[in-house]
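Below, read A as the first sequence line, B as the second, and so on, with proteins coming before strands; counting in each chain starts at 1.
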Number of protein chains: 4
Amino acid sequence: MTATIPTPLAKTRGPRSRPTILHATIEQLSIHGYQRLTVEGVAAAAQVHKSTLYRWWPDKSALVADALAAHLATGPVPDTGSTRDDLITWLRVTIANYTATPAGVAMPALISDLSARPGGLAAFRGSFLDKRRAGCAVLIQRGIRRGDLPADTDIELVMDALAGTVFYRQLVSGQPVTEDLAERIVTLLGVQSA
Amino acid sequence: MTATIPTPLAKTRGPRSRPTILHATIEQLSIHGYQRLTVEGVAAAAQVHKSTLYRWWPDKSALVADALAAHLATGPVPDTGSTRDDLITWLRVTIANYTATPAGVAMPALISDLSARPGGLAAFRGSFLDKRRAGCAVLIQRGIRRGDLPADTDIELVMDALAGTVFYRQLVSGQPVTEDLAERIVTLLGVQSA
Amino acid sequence: MTATIPTPLAKTRGPRSRPTILHATIEQLSIHGYQRLTVEGVAAAAQVHKSTLYRWWPDKSALVADALAAHLATGPVPDTGSTRDDLITWLRVTIANYTATPAGVAMPALISDLSARPGGLAAFRGSFLDKRRAGCAVLIQRGIRRGDLPADTDIELVMDALAGTVFYRQLVSGQPVTEDLAERIVTLLGVQSA
Amino acid sequence: MTATIPTPLAKTRGPRSRPTILHATIEQLSIHGYQRLTVEGVAAAAQVHKSTLYRWWPDKSALVADALAAHLATGPVPDTGSTRDDLITWLRVTIANYTATPAGVAMPALISDLSARPGGLAAFRGSFLDKRRAGCAVLIQRGIRRGDLPADTDIELVMDALAGTVFYRQLVSGQPVTEDLAERIVTLLGVQSA
DNA sequence: ATTTAAACGAGACGGTACGTCGCGTCTTTGT
DNA sequence: ACAAAGACGCGACGTACCGTCTCGTTTAAAT
């Protein structure tokens, strides 16, 4: 006999229109970029009043960071059997995140703003980056076990090199971010196919 | 008939107090960071009126970019005899630029602002980055000739990986930028000592 | 046949915690003054939800007016045998109301807010001022009968002068409101002792 | 021959459009009253940007106080030969200030706001009230010399009674402010014609 | 004992205006 | 030609509090 589950009361905590708002934020971000995105603009696009936004997010940067974290692909941890291919797959998601979404161009200003508020950057890392990196760490550790990567591989450093190269390319050096970039970076780091 | 050459180079072009201003800019940048640096603040520190600044630089980002370009070390092209050591030496200068000067923390916001004005980023690249990268390219090409690096080395990519890893570490992942970072990065890229 | 009288007066109508709320209102008023008193603050102090307040009072000004009306002394009609002393006694209560309670400083803002809502000021007059003035009118009429005051005394005007002088002193001119003020005002209006 | 006075350089210190702004402020005050007057509204009416207002006045209350001080009649010191008539004349100006200008209704809220900022009320007194009262004090002193008023007349108190009665009538008791009010008040204070 | 309705708790929201900040422009005046 | 001085336009930002609304939940009187 089926006991009545006492309705755990998933309270309506939090903004009612969170999804709408985050969606509008991404939209406005795509249209205007970070700097020219205005909180009022997001509010209008989300059919919500500005004060509602400030009730739930301390400032513009937090709002955008939240929206991005929710929008960017964390991606599944790839498992193709080949460490090299796993890394390439993972890196392609990163590239897509920087390229196919407003995240790339928005990043510098966002990071800068987040840094102003203590804990801002840390919060963003916690809500997105860490997950993403955890996935990559799994790949690398698997690669080490398999012998595809040296036993003394500095996991964090590898991840910084993977993402950092893409990041720098798009935002600083201005070099093109092409289709085969993921492969070329992985190759550069010495991860061969076999 | 021997025309008197009107010494065309004795330009009084440019602000009389350019050095003072650039110096004050760097100073303010160190104290406040890019965002909280104000043009009026720089003017005050340089004992100059705000309007003077706007006469010579189109906006805040240009001013800061100019000051940084003048302040950052372009550095001599190292020639230690060892490709690996050359790269490490070069990279250490980069790290110092990001670490020992206000450039590192200022970068995101600066880049973001520069990107807003068409040609802004390009100008900054031209005035600083290109020189720096040109030096590195020399190293790498020498390494290729020596056989220390593969013949098909993608020079631009290597440079992006070198600088990008540092950049990303400091600004995004938040991983520590330690003493031995240059060595570890160069090692990661497969450049061995012998 | 004895109809059971349905005791129509045992109303539970009205807020359960009216006294608590009014008390909290006065308290908050003393602490913060009218402007900086917030409805949420009163609610919190009264251990009650904001919505309860808005259920029973149309707005902040009405709440405060109600609390003040309940808190301020209407006072008994003094009867010392001397018209002059009666008036002084009465005026001292007024002074105490303005001085020993938050009413004085709160008045300007309260009046201003009450005036915004049609009938607001009138309601306040009805709930407090009128009673107070009625008491004073009795004194004055007694004084006229006794011959202590001229037969053609303009009662309303005298009351305005009595209270208005105190009011103006405290709020506008900033002159000190001293112990003997009541006497001096009554004297000024020509009411002698004998 | 008279030396050329070296043009004392009546610098353009201060807002260029001060008169326009003050005028617009009074206008808006008449239309909306103090509470519903908005700084942006004044700015718009004065064809000026909001920030210009905040550059020269710390807040709304200061702006309005300044505008009123400039707009209200300080009036000449009357000298009719009769102390009673002098006082009536003076009081009529006060009544007109409260009645024919937006000052009357604006007062409570204005005073309340001014009181919030330390020194706010004092500044208003200094810029308007004091001048006005100084004029009245002259009248009263003349009356004392003439013997029309008792030698021990408390000048400040008389002034508070004169203005306070009008003030209280209009704002608190709600009694009508009629034509003959000035006369009746002066009479009440015992100042006879002969 | 049960029904019913007044009163309350909780929490999100719309809305108005405030006051702030700093950028970049412009005009006037001097040197 | 350059620089000092200083007012201004302008566009956001983030804040504060007001008053409203929708649901559930308690409380207690009425049958």
- Task: Kindly indicate whether the side chain of D:Ile26, heavy atoms from C-beta on, has any atom under 4.5 Å from the side chain of D:Leu68.
- Result: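 In contact.
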- So, do C:Leu53 and C:Leu63 sit near enough that their side-chain heavy atoms are less than 4.5 Å apart?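 Yes, side chains in contact.
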Can you tell which of [options] lies closest to the side chain of [X]?
{"X": "A:Trp56", "options": "E:dA12, E:dC8, E:dT25", "answer": "E:dA12"}
{"X": "A:Arg16", "options": "E:dC23, E:dG19, E:dC13", "answer": "E:dC13"}
{"X": "D:Val39", "options": "E:dC18, E:dC13, F:dG14", "answer": "E:dC18"}
{"X": "B:Thr38", "options": "F:dA3, E:dG22, E:dC13", "answer": "E:dG22"}
{"X": "D:Arg55", "options": "F:dG9, E:dG24, E:dC13", "answer": "F:dG9"}
{"X": "C:His49", "options": "F:dA3, E:dG9, E:dC23", "answer": "E:dG9"}

Taking [atom1] from [X] and [atom2] from [N], how many angstroms apart are they, rounded to a whole number?
{"X": "B:Gln28", "N": "E:dC23", "atom1": "CD", "atom2": "P", "answer": "11 Å"}
{"X": "B:Trp57", "N": "E:dT25", "atom1": "CH2", "atom2": "P", "answer": "15 Å"}
{"X": "C:Arg18", "N": "E:dA7", "atom1": "CZ", "atom2": "P", "answer": "13 Å"}
{"X": "B:Glu40", "N": "F:dA5", "atom1": "CD", "atom2": "P", "answer": "12 Å"}
{"X": "B:Ile21", "N": "F:dC2", "atom1": "CD1", "atom2": "C1'", "answer": "12 Å"}
{"X": "C:Leu63", "N": "F:dC18", "atom1": "CG", "atom2": "P", "answer": "10 Å"}
{"X": "A:Leu53", "N": "F:dA12", "atom1": "CG", "atom2": "P", "answer": "15 Å"}
{"X": "A:His32", "N": "F:dG11", "atom1": "NE2", "atom2": "C1'", "answer": "14 Å"}

- Message: Heavy-atom count check: over 12 atoms from other residues, nucleotides or ligands less than 6.0 Å from D:His32 NE2?
- Response: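 Enclosed.
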- Query: For DNA chain E, whose closest nucleotide is more 5', that of B:Asp59 or that of A:Ser17?
  - Reply: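 Taking each residue's closest nucleotide, the earlier one in sequence belongs to A:Ser17.
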- Item | Of B:Ser61 and D:Pro58, the one whose closest DNA chain E nucleotide lies more 5' |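 Nearest nucleotide further toward 5': that of D:Pro58.
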- Message: Using only modelled atom types and a 3.5 angstrom limit, is any donor from either the side chain of C:Lys50 or the base of F:dG19 paired with an acceptor on the other?
- Response: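 Answer yes: a donor N or O sits under 3.5 Å from an acceptor.
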- Between the side-chain atoms of B:Lys60 and the base atoms of E:dG24, is any donor-acceptor pair under 3.5 Å?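 For B:Lys60, whose side chain was compared with the base of E:dG24, there is no donor-acceptor pair (under 3.5 Å).
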- Is there a side-chain polar atom (N or O) of B:Tyr54 under 4.0 Å from OP1 or OP2 of E:dG24?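 Yes, such a contact exists.
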- Give a yes/no on whether any side-chain N or O of B:Thr52 is located under 4.0 angstrom from OP1 or OP2 of F:dC2.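 No, B:Thr52 has no side-chain N/O under 4.0 Å of OP1/OP2 on F:dC2.
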- Query: Touch check for A:Ser51, heavy atoms < 4.0 angstrom, all strands: base, sugar-phosphate only, or nothing?
  - Reply: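 Counting heavy atoms under 4.0 Å across all strands, the contact made by A:Ser51 includes a base.
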- Query: Closest nucleotide of DNA chain F for A:Leu37 versus for D:Val48: which of these residues is on the 5' side?
  - Reply: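 Per heavy-atom nearest nucleotide, the more 5' residue is D:Val48.
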- Message: Judged by each residue's nearest nucleotide on DNA chain F, which is more toward the 5′ side, D:Gln47 or A:Arg36?
- Response: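 Looking at DNA chain F, the more 5' nearest nucleotide goes with D:Gln47.
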- Task: For B:Ile21 and B:Val42, work out which heavy atoms get closest and say how close.
- Result: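 Minimum heavy-atom contact is O-CG1, 4.2 Å.
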- Message: Is a donor from one side chain sitting under 3.5 angstrom from an acceptor on the other, for C:Ser112 and D:Gln35?
- Response: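 D:Gln35 and C:Ser112 do have a side-chain donor-acceptor pair below 3.5 Å.
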- Just checking, D:Lys60 and D:Tyr54: is the charged tip under 6.0 Å from the six-membered ring centre and within 45° of the axis?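 Geometry flag: not set, cation outside 6.0 Å or 45°.
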